[in-house]
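What follows is a short report on a single structure.
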Amino acid sequence: MSEKMTIKFTVNGIQEKKEAAVGQTLLKFIRDELHLTGTKEGCEIGECGACIVLLDDRPVNSCLILAVELDGKNLVTIEGLSQNGEMDRLQQAFIDHAAFQCGYCTPGMIMSARALIDRKPEPTDEDINEALSGNLCRCGAYQEIREAVKDASKK
Amino acid sequence: MLSYEYIKCTDLNLAFQELEEGKQVYPLAGGTDLIVGMRGGKFAAKTLLDIKDVPELKVLEENDRGITIGAAITLNDVVNFAPVRKNIPILAEGCHSVGSYSIRNRATIAGNICNASPAADTAAPLYALEAIINITGPGGERTVPVREFFTGPGKNALQKGELVRSIHIPAPYPEGKGVYLKASRTGSVDLASVGVAVQRWGDKVKVAVGAVAATPVRAHNVEKAINENGETNWAAAAKLSCDDISPITDIRCTRDYRFHLVEVLIRRGLEQTMGVK
Ligand SMILES: Cc1cc2nc3c(=O)[nH]c(=O)nc-3n(C[C@H](O)[C@H](O)[C@H](O)COP(=O)(O)OP(=O)(O)OC[C@H]3O[C@@H](n4cnc5c(N)ncnc54)[C@H](O)[C@@H]3O)c2cc1C
Ligand code: FES
Ligand code: FES
């Protein structure tokens with residue numbers, strides 16, 4: 001049964017109305033229907049954080065959410081952070097600190113960190129560890145990631 | 001792609017009807033157990049009934065009878081609720097130890113206990129606080145103490161058509177400190193190998209343990225030694241826990257190691273809450 005439902009939502013500031021298959025995850029919907037491939041697919045069981053997006057301002061694992069649950073909500077993906085071609089300061093800080101090697105975890109990391117700085121403009125190390133507790137980095141760039149988040153929160 | 005029907009529910013009566021009449025209808029709260037479980041073939045859901053926007057389930061309040069946490073309230077919202085932090089911080093600790101920050105933005109306490117894993121991290125604190133589970137269904141409302149809510153691994157006391165409406169922690173709150181100590185293989189995003197809740201109540205104590213039996217359990221032998229027989233040697237009291245638990249060996253650790261962990265964590269919990277002797 002690949003029944004479809006019409007859902008209305010906002011994605012990166014733009015209102016949208018689309019058909020979503022019942023049974024499709026929000027992660028697949030973002031990548032395959034909205035064609036926003038910055039959001040990554042890793043484990044698909046909530047453990048790696050590559051798929052983290054902001055739903056009504058909160059970082060959530062899009063692999064554990066159904067596309068139809070997006071109805072009426074506000075979605076922000078990594079593509080939504082830059083403004084008028086200018087990168088978000090967190091994105092710039094990740095580059096400045098070389099806070100990645102392969103970069104696969106980066107979109108999820110940045111979305112978790114963005115939400116942290118929005119709710120707590122001057123986070124401590126402990127706050128950063130908590131906020132990024134669901135983001136794995138197989139390349140082990142944790143130290144640089146923490147530095148980048150701290151740097152971005154200072155500005 | 002998974003195959004099922006999805007119903008967004010905003011009316012409790014509609015929910016009861018679907019649950020009573022439908023086959024394989026599963027309430028969907030945060031989905032953090034349900035969606036993983038469906039993918040792994042653990043749940044054969046035909047219909048998902050999304051209850052997280054039902055107004056009656058979004059209650060989060062404190063009054064003179066205690067604290068009430070609606071079934072649609074996320075773990076992060078419980079952790080950040082000032083009356084919980086102030087009066088029953090042990091529950092904030094239990095909620096905070098679940099998964100990761102992003103998981104806790106979706107996961108609920110109700111989902112945690114309905115899923116009824118013996119390792120559920122909110123369970124031991126709820127046992128030590130003697131929480132009450134408010135159940136709602138087509139026949140009206142009823143309440144059960146949390147220790148009767150868990151009936152076996154993955155099994156709970158809900159009848160067909162029923163939902164957990166809220167979790168209630170009755171006042172008066174415990175006088176004294178409470179701690180939740182979780183042993184797991186990694187610092188975050190892992191289930192408990194064992195979880196121990198030690199809650200001081202004046203000069204008495206309540207001790208609950210998860211992941212060591214078919215349901216979470218109270219460590220009655222430990223409690224009796226301290227509360228009734230005046231034992232103040234915490235290491236000696238903690239040893240008695242071996243008669244309260246019946247752990248198994250699984251991928252997280254062996255039965256023997258669980259016996260050891262429980263004894264150590266109960267001793268530490270007693271030291272932290274009742275004072276070092
Ligand atoms: C990566 C990851 C890490 C995790 N780590 C932990 C951990 O460390 N500790 C831990 O304890 N758990 C952990 N979990 C499990 C899970 O997050 C928790 O059990 C969570 O609290 C479940 O809540 P939920 O709202 O997501 O439930 P859902 O998945 O929505 O539901 C769970 C079950 O309860 C039923 N249900 C939900 N609400 C109700 C209701 N009101 N009435 C009746 N039935 C209902 C559903 O039908 C389903 O069967 C983890 C999960 C993931 C994916
Ligand atoms: S893909 Fe969602 S957490 Fe790994
Ligand atoms: S940079 Fe490769 S996983 Fe983090």
Would you find more than 12 non-hydrogen atoms of other residues, nucleotides or ligands less than 6.0 Å from [X] atom [atom1]?
X	atom1	answer
A:D57	CG	no
A:Q101	CD	no
B:K23	NZ	no
A:E19	CD	yes
A:R138	CZ	no
B:Y257	OH	no

Please report the closest heavy-atom contact between [X] and [Y], naming both atoms and the distance.
X	Y	answer
B:Y4	A:L66	OH-CD2, 2.9 Å
A:G46	B:I103	O-CD1, 3.7 Å
A:R119	B:Y101	CZ-OH, 2.9 Å
B:I35	A:C63	CG2-O, 4.1 Å

Go through the atoms of [X] and report whether side chain, backbone, both or neither lie under 4.5 Å from a heavy atom of chain A.
X	value
B:D190	neither
B:N105	both
B:L28	side chain

Check: Can you pull out the residues in residues 74-85 of chain B with any heavy atom less than 4.5 Å from chain A?
Finding: B:T74, B:D77

Of the backbone (N, CA, C, O) and the side chain (C-beta and beyond), which part of [X] lies under 4.5 Å from a heavy atom of chain B, both, or neither?
X	result
A:I45	both
A:M111	neither
A:L136	neither

Notebook entry, point to check: Are the side chain of B:R39 and the backbone N or O of A:E44 linked by a donor-acceptor pair below 3.5 Å?
Noted result: yes

Item checked: Test item: B:S100 side-chain N/O and A:S133 main-chain N/O as donor-acceptor pair under 3.5 Å -> no

Check: If we only count heavy atoms from C-beta on, is the A:E69 to B:Y6 side-chain gap below 4.5 Å?
Finding: yes

Check: Hey, are the side chains of A:I65 and B:R106 touching, using non-hydrogen atoms and a 4.5 Å cut-off?
Finding: yes

Margin query: Rounded at 0.5 Å granularity, tell me how far CD in B:E5 sits from CE in A:M5.
Written below: 9.5 Å

